[in-house]
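We use all heavy atoms of the structure for the numbers below, so side chains are in, but hydrogens, waters and symmetry mates are not. Throughout, protein chains are lettered first and strands after them, A, B, ... in sequence-line order, and every chain is numbered starting at 1.
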Amino acid sequence: MPELPEVETIVRGLSPDLPGRTIEAVRVLRPDVLRQPPRAFSAELTGRTFDSVSRRGKNIVARLKGDTVLVVNLGMTGRLLLLPEKGPETTHPAVRFTLDTGRQLVFDDVRRFGVLEVLSVSEWTTRSRRLGPEPLSPTYTARTLSAGLTESVSPIRSWLLDQRRLVGVGNIYANEALHVAGIHPRRPAKSITGGEARGLHRALRRTLRQAIANRGTTLRDYRDATGVPGENAAALRVYGRAGNPCPRCSTMIERIVFGNRSAFLCPECQPYDPGEQPSGEQP
DNA sequence: AGTGTATCCTGCAGGC
DNA sequence: TGCCTGCAGGATACAC
């Protein structure tokens, strides 16, 4: 659920307040969101002080003083909320940190696909190296994208979702960027031309930056670190809009399914075979 | 090696 | 009203 723009919004919300704060208590209400025994998790974090909060792909990365990193992946419905001392109860709290200010940092997650992990700096570095490049990094050029596409026969939408190739892009922004770029989600990655790759690179960046400016897309569950929904849903062009007119050409937007996930496209603006009439049915 | 499918879990919307 | 089905922003263990 939360993709790069949502995670970025949360991190920007936590950054002014979390560094310098010490964790006084850890309460694990739902141990299945951890990758280690709750006792060990709590023991590693209790008494530690936050140093910095940053983002890597869809992960929230909190560095603590000493050789400790708390990595939070929100899964589909996870929230990381910094709440006042007497804040409202959240609906599905999984882990609660009490800070030295009395405020609570709460990981709340309806479906519990989210994960919290404590790692050493070197463990985190190793993990981070296995992830692909950041799409908004200045060093991520159209050429980088184009080069990565050439070896893969994977459908471009699946390629964009693979965090080893490129981080931060999920199903919403993959579909949105492909519409902006006029590329059918099912096209094999290696069939994307150099010109199309340049367009896709630009579309990805524009789509992600716009979503950050709008503080993320809230379909149902996403909230920022203070519990406020994002405003980007109104800007979506195709995602979740099957049966509605394409904002560019007014053709009916279609929903197809592959890789166990919905894809949304305009058959006119995103033909599978450029130059031929899009049929809607692909092998 | 690289892809696609099924699975974890809960809640909600829509059909009947 | 109530039951049933399908669907959901992610990641990953498998089978091919």
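- Contact annotation for A:Val153: backbone-only contact, meaning every heavy-atom pair under 4.0 Å involves sugar-phosphate atoms and none involves a base.
- Between C:dC3 and B:dC9, the distance separating the two P atoms is 23 Å to the nearest Å.
- A stacking contact links A:Phe113 to C:dG10: the aromatic ring centre lies within less than 5.5 Å of the base's six-membered ring centre, and the planes differ by less than 30°.
- If you check every strand for non-hydrogen atoms under 4.0 Å, A:Asn73 touches sugar and phosphate atoms only.
- Here the separation of C:dC7 from B:dT5, taken at their P atoms, is 15 Å to the nearest Å.
- Contact annotation: A:Arg261 side-chain N/O to B:dT5 OP1/OP2 distance is not under 4.0 Å.
- The side chain of A:Lys58 has C:dA11 as its nearest neighbour among B:dG11, C:dA11, B:dG4.
- If you check every strand for non-hydrogen atoms under 4.0 Å, A:Ser152 touches sugar and phosphate atoms only.
- A:Asn171 comes within contact range of the sugar-phosphate backbone alone, with a heavy-atom separation under 4.0 Å but no base atom that close.
- The separation of C:dG6 from B:dA6, taken at their P atoms, amounts to 14 Å, rounded to a whole angstrom.
- Listed pair A:Arg111 / B:dC8 fails the phosphate criterion, with no side-chain N or O lying under 4.0 Å from OP1 or OP2.
- Summarising the base pairing, C:dC16 is matched to B:dG2 through a Watson-Crick or G-U wobble pair whose two defining distances lie under 3.5 Å.
- Nucleotide C:dG9 has no partner under the Watson-Crick or G-U criteria, as no pair reaches both atom distances under 3.5 Å.
- Using a cut-off of 4.0 Å between Lys/Arg side-chain N and Asp/Glu carboxylate O, A:Glu134 and A:Arg55 are scored as salt-bridged.
- Summary of the strand contacts: A:Arg165 and A:Val110 both lie near DNA chain B, and taking for each the nucleotide with the nearest heavy atom, the more 5' one is attributed to A:Arg165.
- Between A:Asp109 and A:Arg30 there is no salt bridge, since none of the side-chain N atoms of the basic residue sits less than 4.0 Å from a carboxylate O of the acidic one.
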